[in-house]
Amino acid sequence: MEQHKELKVSAIKNGTVIDHIPSQNLFKVISLLGLENSGNQITFGMNLESGKLGKKAIIKVADREFSDDEINKIALVAPQAKLNTIRDYEVVEKRTVSIPDEVKGYVRCFNPKCITNHEKIVTRFFVVSKQPLELKCRYCEKVTTEQHLVIE
Ligand code: CTP
Ligand code: ZN
């Protein structure tokens with residue numbers, strides 16, 4: 001049988017494929033995972049067709065695997081992401097991401113008066129709701145929602 005499964009981004013031998021990223025959040029995912037400063041070979045595609053998401057992005061990081069804590073960071077911007085661990089060209093594991101119960105750093109408190117917006121303090125939020133997203137600041141107790149989500 002002839003196969004028509006054409007890859008838009010080449011297969012990798014070893015590493016991680018992060019699939020089903022909303023295209024508009026591709027660069028946020030790259031930044032949350034600290035990939036700008038990585039020495040690994042990284043390939044990515046954006047605005048690829050996807051049934052589920054309309055347009056999706058995909059990132060392939062060669063010779064790198066991620067811990068659950070690292071990947072859960074991207075849950076806020078890519079809740080449907082699927083991580084595929086590749087070893088010797090085979091997908092050996094598929095993982096989904098989940099929003100943690102507490103978010104430390106990388107999200108800005110939407111309250112302009114919050115101390116975290118005036119002093120060098122790492123933000124901390126309790127996740128009061130995951131769907132819709134509601135993050136309660138530990139410092140000012142104001143709730144930051146999806147609509148006001150700023151990832152830094
Ligand atoms: N992939 C890759 N290099 C490999 C093997 C797989 O880049 N050596 C990529 C595939 O292109 C795909 C993802 O890893 O984007 C997952 O592979 P696979 O499970 O084979 O694809 P699907 O069944 O389409 O995945 P899904 O679970 O997302 O439906
Ligand atoms: Zn605050």
Side-chain angles (χ1 to χ4, degrees), residues 1-23 25-26 29-30 33 35 38 40-68 70-72 74-130 132-152:
M1 276 279 284
E2 209 185 332
Q3 270 206 311
H4 290 282
K5 199 177 172 191
E6 173 205 346
L7 290 190
K8 294 278 193 296
V9 184
S10 303
I12 57 173
K13 182 165 195 268
N14 291 297
T16 303
V17 173
I18 310 169
D19 203 352
H20 303 291
I21 301 167
S23 274
N25 288 342
L26 168 66
V29 171
I30 289 176
L33 294 175
L35 296 176
S38 162
N40 297 55
Q41 182 181 299
I42 296 170
T43 46
F44 62 80
M46 185 174 154
N47 294 328
L48 309 178
E49 254 115 81
S50 159
K52 270 181 265 172
L53 294 174
K55 302 256 170 156
K56 70 165 186 180
I58 189 166
I59 306 172
K60 302 190 180 189
V61 187
D63 303 316
R64 172 85 198 271
E65 294 183 8
F66 296 89
S67 70
D68 285 346
E70 284 175 296
I71 66 156
N72 284 339
I74 73 169
L76 297 180
V77 295
Q80 312 198 47
K82 257 198 210 157
L83 276 93
N84 302 274
T85 304
I86 315 292
R87 292 189 195 139
D88 204 15
Y89 288 107
E90 298 292 325
V91 178
V92 296
E93 188 190 33
K94 275 185 188 282
R95 283 185 288 169
T96 51
V97 299
S98 55
I99 296 174
D101 295 325
E102 196 184 11
V103 171
K104 282 187 212 152
Y106 70 84
V107 173
R108 194 185 293 170
C109 178
F110 98 107
N111 172 14
K113 292 185 179 150
C114 181
I115 188 165
T116 60
N117 285 316
H118 297 279
E119 285 174 34
K120 253 196 160 299
I121 295 174
V122 176
T123 58
R124 272 178 94 157
F125 302 89
F126 296 114
V127 179
V128 272
S129 165
K130 295 185 183 183
L133 188 67
E134 291 180 359
L135 304 173
K136 186 172 182 178
C137 179
R138 276 183 59 139
Y139 295 94
C140 71
E141 304 207 315
K142 292 272 185 289
V143 174
T144 298
T145 59
E146 184 98 58
Q147 202 191 341
H148 296 113
L149 191 68
V150 177
I151 308 270
E152 39 198 16

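Along the sequence shown, the residues carry numbers beginning at 1. Quantities reported herein were computed from a predicted structural model and do not represent experimental measurements. Counting starts at 1 for both ligands and their atoms, following the listed order.
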Should the pair Asp19-Lys60 be classified as a salt bridge under the 4.0 Å nitrogen-to-oxygen rule? no
Heavy atom of the protein closest to atom 26 (P) of ligand 1 (residue, atom name, distance): Lys94 NZ, 3.5 Å
Output yes when Glu146 and Lys130 qualify as a salt bridge under the 4.0 Å nitrogen-oxygen rule, no when they do not. no
Can you tell me the protein heavy atom closest to atom 21 (O) of ligand 1 and the distance? Lys5 NZ, 3.7 Å
Give a yes or no on whether a salt bridge exists between Glu70 and Arg64, defined as a side-chain N under 4.0 angstrom from a carboxylate O. yes
State whether the side chain of Asn72 and the backbone N or O of Pro100 hold a donor-acceptor pair below 3.5 Å, judged by distance alone. no
Protein heavy-atom partner closest to atom 3 (N) of ligand 1 - residue, atom, separation in Å: Ile12 N, 3.1 Å
Does Asn117 reach the main-chain N or O of Cys109 with its side chain, forming a donor-acceptor pair under 3.5 Å? yes
Would Glu93 and Arg95 pass as an ion pair if we require N to O under 4.0 Å? yes
In terms of heavy-atom contacts, Asn40 and Asp63 come closest through ND2-O, 3.3 Å
Identify the closest protein heavy atom to atom 29 (O) of ligand 1: which residue and atom is it, and at what distance? Lys82 NZ, 4.1 Å
Can you list the ligand 1 atoms lying under 4.0 Å from a non-hydrogen atom of Ala11? 2 (C), 3 (N), 4 (C), 7 (O), 8 (N)
Starting from atom 7 (O) of ligand 1, find the nearest protein heavy-atom neighbour and note its residue, name and distance. Lys60 NZ, 2.6 Å
For Thr43 and Val9, which heavy atoms make the closest approach, and how far apart are they? OG1-CG1, 3.5 Å
With no hydrogens and no angle check, just 3.5 Å: does a side-chain donor-acceptor pair link Asn47 and Lys55? no
Heavy atom of the protein closest to atom 12 (C) of ligand 1 (residue, atom name, distance): Asp19 OD2, 4.2 Å
Give me the number of protein N, O or S atoms whose distance to the Zn ion (ligand 2) is under 2.8 Å. 4
Qualifying ring-ring contact (aromatic ring centres under 6.0 Å, His included) pairs with a residue from residues 133-152, counting only residues at least two apart or across chains: Phe110-His148
Is there a polar contact between ligand 1 and Lys13, counting only N or O atoms under 3.5 Å apart? no
Hey, does Val91 come in under 3.5 Å of ligand 1, counting only N/O atoms on both sides? no
re atom 11 (O) of ligand 1, the protein heavy-atom contact at minimum distance is Leu7 CD2, 3.3 Å
Considering the heavy atoms of Ile58, write down every atom of ligand 1 situated less than 4.0 Å from one of them. 15 (O)
Candidate pair Ile74 and Ile18, rule side-chain contact (heavy atoms from CB on, under 4.5 Å), full reasoning: CA-CA 10 Å; Ile74 73 169; Ile18 310 169; 4.0 Å; yes
Between Ile12 and Val61, the two heavy atoms sitting closest are CD1-O, 3.8 Å
Would you check whether His20 has a nitrogen or oxygen atom less than 3.5 angstrom from a nitrogen or oxygen atom of ligand 1? yes
